[in-house]
Amino acid sequence: MTAKAPAMSEAQSTTRYRVEGMDCAGCATRISNAVKRVPGVEDVSVSVAAGTMTVRHQASPDVGDAVLRQLGALGGYTATPLAPRNAPTPPAAPACCAHDHHDHAAHDHGDGHHHGHATSREGAGAGGLHGHAHDHGSSTGPWWRSPRGMLTIACGLALGAAYLLGQLQPTLGHWAFTAAMLVGLVPIARRAFVSARLGTPFSIEMLMVIAAVGATIIGATEEAATVVLLFLIGELLEGVAAGRARASIQALTGLVPATALLEHEGRTTEVQAATLAVGSTILIRPGDRIAADGEILEGESAIDEAPVTGESTPRRKGRGEAVFAGTVNGDGVLRLRVTAAAEDNTIARVVRLVEEAQESKAPTERFIDRFSRYYTPAVLAVGALVAVLPPLLLGGSWGEWVYKGLAILLIGCPCALVISTPAAIAAGLSAGARRGLLMKGGAVLEGLGRIDSIALDKTGTLTEGRPRVTDLLPVEGDARALLSRAASLETGSSHPLALAILARAAAEGVEVPSATGAVALGGKGVSGQVAGEGLFLGSPAAAAERTAIPPEWTARIGALNGEGKSVSVLLVENRLAGIIAMRDEPRADAKAGLDALKAAGVRPVMLTGDNRPTAAGIGEALGLPVHAELLPQDKQRIVREMQGQGRRVAKVGDGINDAPALAAADIGIAMGGGTDVALETADAAVLHGRVMDLSRMVALSRRTMGNIRQNITIALGLKAVFLVTTILGVTGLWPAILADTGATVLVTANAMRLLRVRD
């Protein structure tokens, strides 16, 4: 579980900035260290992957101005304050309905929840990590037009010119290569010293300055100039990779069309989709991409939700059903009522959630940060010892060992090590979000891979959350006649059991005649006249008061109740005409999803407030142990008991009754239940309500952690190899810088593989 965010005093406020020019974890550390020095700033969280910075500070406009000035002093970064976000209010939990005529004790209305604990965004951390002080420019546009790109090109041209001049005039070669080196090194040195002044003395720029100046002093000017160029090329590649990673999630915003057809006072006008207000009516033509989250007012069509949910099969939707921005209308004309403004639609909120999650550091990332805080000064010390001790103690050549010491400085740069974890975490969070698997931070992403037990709610989690007709047992006539009569009495009711009967009648195309004189009989049922016959639909007990039910049918009703089904009895002129059984059935993928969790070594268990027969029926069908008739505190107690046995527990649910257990669990997961709940109320959320997605979330976490281990191995392995070869005299400055920048690019590219993961 993530820690709760610290309470904010009335004298504090939080401002988020979009920061251009960041391309690595070192940039984030450099910015964080500098901004934390601003008087009035309490905490700073920086996300390279999202390109954002969140500053918690005293509520004074002077602080915000000082933050922008401090960034300007760093050089190469531009920051733009983002508009405050108004978090949507989660929808109220559905009240427990009391049907006037059905004894539906077997029907569960109590397994919903709103997960109320919040996640915190942890600071990026101070300390002495290296901080890249590149000639940063906007991350948009072609790379060669950016200041960093133009500096790299200029340095390359200068090096080429120095080489030609050295061939033509060998006596000028030394000075030509020195001048070429200075073309790239002067901007690096300027920012290195600014970085040191603002809190990051152990930066790679400082190491580069020391190595390049030292190489020049010992006469290796050609190598010094080449190393500076290779460094700039590596940084440029790193920036391009970071930009692509950032664009991978931002590309989702491109799914929403720029314009929409607004209907107002009988006229249709094309307007900017960003201007649509909640409550507006828009027209969606066949083949159009839907411009806003909305509810269908008129029409029916197949909706291709693949861009948002990944589902390949279009879903048929009609009046009253919700649709998402970015999905594609199929074959029908639809009129929608807009239910969310552009900045608050499903896609915008997914992007926002991932950006905020990327500002929360994972435990592994925090460990690497602490490790690097001491690692970089240690590298400086080792480089100095290698340069000084052999000449002093063993009579070695000063030129040879100073050269090796300078190479060690470059080899030891922690760029690849520091970027190894945040690159993988950012890619994992983005890959999950694009599949509707939302995790609020790296700590949650890591924790999901470690769970070995998962406690699931029943209603709305393992089941659809609404009853369906499972059995039509006519005594007289056929099943269609039984369904027709029952639907006639239920027409106009909004109770879930009544809606189940009406939905079954609609699905089978059964004619539903009008009922007259329909009267609800409190706690017993409903009666009315249909085609001149007196009908009664109600509970078995209420029906038994009106007529004698044969023993064989009484036994049949008892067996259905034993399976966890609600039973309604239809009487025609006080004769038994048939019975209808209903139950909230498991989701279509529930069994497969639970089997996948078991295969992954995660033991599922059901915790529900429903009655034992209903819970046992679902549990037997799905093959998992059941704890039923639980109060909220009982669910929390069971989760605590599981943790007391040494198990790492995730809790999945969708209603108020699960909130204590969700707060107690190691990871709380909201299961569908509406976009607001899915995005706002848990450590993680399965947006599309698929049980199979729980196993996919666990698998994604484990793949991400495996990727992090690979990245750390690459980063440290290459450094170890080149450290040994440098001391032995096999490699020098050129391979040293390639070891650093090459490892950084390899680590970033390896992390980006997570974006291509397919289920």
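Values below: all heavy atoms of this structure, side chains included; hydrogens, waters and symmetry mates excluded.
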Interatomic distance, CG@Leu261 vs OG1@Thr269, rounded to 0.5 Å, equals 9.0 Å
Is there a donor-acceptor pair under 3.5 Å between the side chain of Arg289 and the backbone N or O of Gly326? yes
Audit row: Val228, Val183, side chain to side chain contact (heavy atoms under 4.5 Å, CB included) steps and yes/no: CA-CA 9 Å; Val228 170; Val183 170; over 6 Å; no
Heavy atoms of Leu74 and Ala34 approach each other most closely as CD1-CB, 3.8 Å
query = Are Val19 and Val46 side-chain neighbours, meaning at least one heavy-atom pair lies under 4.5 Å?
reply = no
What one should report as the nearest heavy-atom pair of Asn711 and Ala751 is ND2-CB, 4.1 Å
With a 4.5 Å cut-off on side-chain heavy atoms, are Ile31 and Val44 touching?
no
(request) Tell me yes or no: between the side chains of Glu270 and Thr259, is some donor less than 3.5 Å from an acceptor? (result) yes
To the nearest 0.5 Å, atom CG of Asn750 lies from atom CD1 of Ile708 at 10.5 Å
Between Glu295 and Thr339, the two heavy atoms sitting closest are N-CG2, 3.9 Å
Note to self: When you measure from the side chain of Thr14 to the backbone of Arg56, do you find a donor-acceptor pair of N or O atoms at a distance under 3.5 Å?
What the structure shows: no
(message) Just so I know, are the side chains of Tyr17 and Val67 near enough to count as touching, which here means a heavy-atom distance under 4.5 Å?
(response) yes
Value for OG1 (Thr78) from CZ (Arg18), rounded to nearest 0.5 Å, stands at 11.0 Å
Closest heavy-atom pair, Val338 versus Ala292, reported as atoms and distance to 0.1 Å, is CG1-CB, 4.0 Å
Is there a donor-acceptor contact under 3.5 Å from the side chain of Arg753 to the main chain of Ala749? no
- Task: Carefully, step by step, assess Leu700 and Arg435 under the rule side chain to side chain contact (heavy atoms under 4.5 Å, CB included).
- Result: CA-CA 11 Å; Leu700 177 61; Arg435 292 161 179 79; over 6 Å; no
Here the pair of heavy atoms bringing Val256 nearest to Ala291 is CG1-O, 3.6 Å
Exercise. With a 4.5 Å limit on heavy-atom distance, are the side chains of Leu71 and Met53 in contact?
Worked result: yes
* Between the side chains of Thr15 and His57, is a donor N or O closer than 3.5 angstrom to an acceptor N or O? -> yes
Residues Ala340 and Asn345: closest non-hydrogen pair is CB-CA, 4.2 Å
The reported gap from OG1 in Thr275 to CG in Leu262 (rounded to nearest 0.5 angstrom) is 7.5 Å
Legend entry - Leu448 vs Ile669 side-chain heavy atoms within contact, under 4.5 Å: yes
Rounding to 0.5 Å, atoms CG (Leu437) and CG (Asp693) come to a distance of 5.0 Å
So CZ of Arg696 and CZ of Arg703: to nearest 0.5 Å the spacing works out to 10.5 Å
